[in-house]
Amino acid sequence: MPIKALFFDVGNTLLFPDRAVMLNPLHQRGIFPSADLLQRIERKTKREFDLLEVRKTGRDHGFWEIYYSHLLHELGVPDEAIHVDLVTRTRVSGNWCDIRPHTREILLRLARNYRLSVISNADGKIAEILTRCGIADVFETITDSGIVGKEKPHPAIFAAAVNSLGVAPEESLYIGDVYSVDYLGATAVGMQSVLFDVAGAYKENGLPRVESLEDLEALL
């Protein structure tokens, strides 16, 4: 079925972490992880997290708990207080404020042919953050788990988003960065999906993926 609507994740898709804020607990100790290390840890974490989610082991681990456990181990900083601080910072929408060049321009071009919307696991403030970043007005609706009360991959948040535009799931394409949360969550309710895979975690999996909004525009 032809795609009528594009639904976007926010974190690591439209907006990226402000590393100066997110990693401040490490920076205060004179530790500055390289971009290569951060991407390597992201790839490792996504693969591990996906296995935990898909297998439904029941282990109570969030993505960022795993990510920072691996990062601190790699850095030789086994400090639980730092770990808690780092994880807490990822849960604040305002700390996700790095927007890539030309994001607004590309979204506006996409909006000529598709209806645009957002689905985000957030703290109820993602619309405010998108406004601050200058792209909230591009989207017809913004579905925030902090308001809906269900987080991806729960089908209720995807259903709420699709219903907000009045389109069928089969007419919708969801773009997000985590296989077990975004791709499986969307396809489980009948949506099409593409992974936004900047770090290259899914490069060898044969899954539909893009590494930038430019790639997505070319794909469509």
Side-chain angles (χ1 to χ4, degrees), residues 1-17 19 35-36 38-51 53-54 63 67 90 96-122 126 129-130 133-136 138-143 152-153 157-158 161-162 165 167-220:
M1 186 175 293
I3 296 168
K4 292 183 178 179
L6 306 179
F7 292 83
F8 290 86
D9 181 25
V10 175
N12 282 332
T13 302
L14 295 174
L15 304 180
F16 295 82
R19 296 297 184 191
D36 285 345
L38 295 175
Q39 282 210 333
R40 179 159 58 82
I41 296 297
E42 182 178 339
R43 290 192 294 270
K44 179 178 181 179
T45 301
K46 282 181 174 175
R47 292 163 186 157
E48 182 176 334
F49 181 75
D50 287 340
L51 286 174
E53 289 295 298
V54 171
F63 178 87
Y67 177 90
T90 67
W96 293 81
C97 54
D98 178 11
I99 185 167
R100 299 296 161 87
H102 311 301
T103 294
R104 180 177 175 82
E105 293 88 335
I106 295 171
L107 290 172
L108 286 172
R109 287 199 298 268
L110 291 172
R112 296 172 189 166
N113 299 309
Y114 306 96
R115 301 177 69 185
L116 305 189
S117 186
V118 159
I119 309 174
S120 179
N121 283 352
I126 203 64
I129 304 308
L130 291 170
C133 293
I135 58 173
V138 175
F139 303 101
E140 292 187 44
T141 62
I142 296 171
T143 304
K152 299 175 295 181
I157 189 169
F158 291 99
V162 169
L165 287 190
V167 295
E170 297 79 8
E171 301 171 318
S172 307
L173 177 70
Y174 184 67
I175 304 101
D177 71 301
V178 180
Y179 171 71
S180 58
V181 172
D182 296 309
Y183 186 89
L184 289 185
T187 55
V189 298
M191 299 173 78
Q192 302 177 59
S193 187
V194 171
L195 286 161
F196 200 85
D197 188 25
V198 176
Y202 305 110
K203 210 167 190 176
E204 311 301 326
N205 293 38
L207 295 165
R209 57 182 289 278
V210 295
E211 295 186 6
S212 66
L213 289 178
E214 289 86 351
D215 285 354
L216 176 64
E217 189 176 23
L219 177 66
L220 292 169

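Keep in mind that what you see is a predicted model, and the values were worked out from it rather than measured.
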Is there a side-chain contact between [X] and [Y], using heavy atoms and a 4.5 Å cut-off?
X: L184; Y: P153; value: no
X: F7; Y: T143; value: no
X: L213; Y: H102; value: no
X: V118; Y: L14; value: yes
X: I106; Y: L216; value: no
X: N121; Y: V181; value: yes
X: I135; Y: I99; value: yes
X: L108; Y: R112; value: no

Any chance you could measure [X], atom [atom1], to [Y], atom [atom2], to the nearest 0.5 Å?
X: L107; Y: L116; atom1: CG; atom2: CG; result: 6.5 Å
X: L195; Y: I175; atom1: CG; atom2: CD1; result: 10.5 Å
X: E42; Y: R47; atom1: CD; atom2: CZ; result: 10.5 Å
X: N113; Y: L220; atom1: CG; atom2: CG; result: 9.0 Å

### Task
Output yes when a side-chain donor or acceptor of S117 lies under 3.5 Å from a complementary backbone atom of T141, and no otherwise.
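Present.
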**Prompt:** Would a distance-only check, ignoring hydrogens and angles, find a side-chain to backbone donor-acceptor pair under 3.5 Å from R115 to E140?
**Reply:**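 Answer holds: no.
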**Message:** Which residues pass the side chain to side chain contact (heavy atoms under 4.5 Å, CB included) test with A122, not counting sequence neighbours?
**Reply:**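 Listed in chain order: S93, S120, I126, D144.
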(message) So, using side chain to side chain contact (heavy atoms under 4.5 Å, CB included) as the criterion, who are the partners of S180 when residues are at least two apart?
(response)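 Checked S180 against side chain to side chain contact (heavy atoms under 4.5 Å, CB included); matches are F49, D50, E53, V54, V178.
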Quiz prompt | L6 vs L110, side chain to side chain contact (heavy atoms under 4.5 Å, CB included): CA-CA, chis, key distance, verdict | solution = CA-CA 9 Å; L6 306 179; L110 291 172; 4.2 Å; yes
Considering non-hydrogen atoms only, spot the tightest contact between D9 and G176 and give its length.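 Looks like CB-CA, 3.6 Å.
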Which atom pair, heavy atoms only, marks the closest approach of C133 to L15?
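Taking every non-hydrogen atom into account, SG-CD2, 3.8 Å.
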Given R19 and L38, is the side chain to side chain contact (heavy atoms under 4.5 Å, CB included) satisfied, shown in steps? CA-CA 10 Å; R19 296 297 184 191; L38 295 175; 4.0 Å; yes
Begin from the C-alpha positions of F8 and V138 and carry the test side chain to side chain contact (heavy atoms under 4.5 Å, CB included) through to its verdict. CA-CA 12 Å; F8 290 86; V138 175; over 6 Å; no
F196 and V210: CA distance, side-chain angles, deciding distance, side chain to side chain contact (heavy atoms under 4.5 Å, CB included) verdict: CA-CA 5 Å; F196 200 85; V210 295; 3.7 Å; yes
Could you work out, with ring pair (Phe, Tyr, Trp, His ring centres under 6.0 Å) as the rule, every residue matching F139, not counting sequence neighbours?
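Ring pair (Phe, Tyr, Trp, His ring centres under 6.0 Å) list for F139, sorted by chain: empty.
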Going by the rule ring pair (Phe, Tyr, Trp, His ring centres under 6.0 Å), which residues pair with Y183 if we only count those two or more places apart in sequence or in a different chain?
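Scan of Y183 (ring pair (Phe, Tyr, Trp, His ring centres under 6.0 Å), adjacent residues dropped) gives Y179.
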Margin query: If you count heavy atoms of other groups shown closer than 6.0 angstrom to CD of E105, is the number above 12?
Written below: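 Counting other residues, nucleotides and ligands, CD of E105 exceeds 12 neighbours.
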Worksheet item: Tell me the side-chain hydrogen bond (donor to acceptor under 3.5 Å, both in side chains) pairs involving residues 167-178, sequence neighbours left out?
Response: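 Found K4-E171, K46-D177, K152-Y174, Y174-D182.
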Taking only residues at least two apart or on different chains, which pairs with a member in residues 209-220 satisfy salt bridge (Lys or Arg N to Asp or Glu O under 4.0 Å)?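 For residues 209-220: R109-E217, D197-R209, R209-E211.
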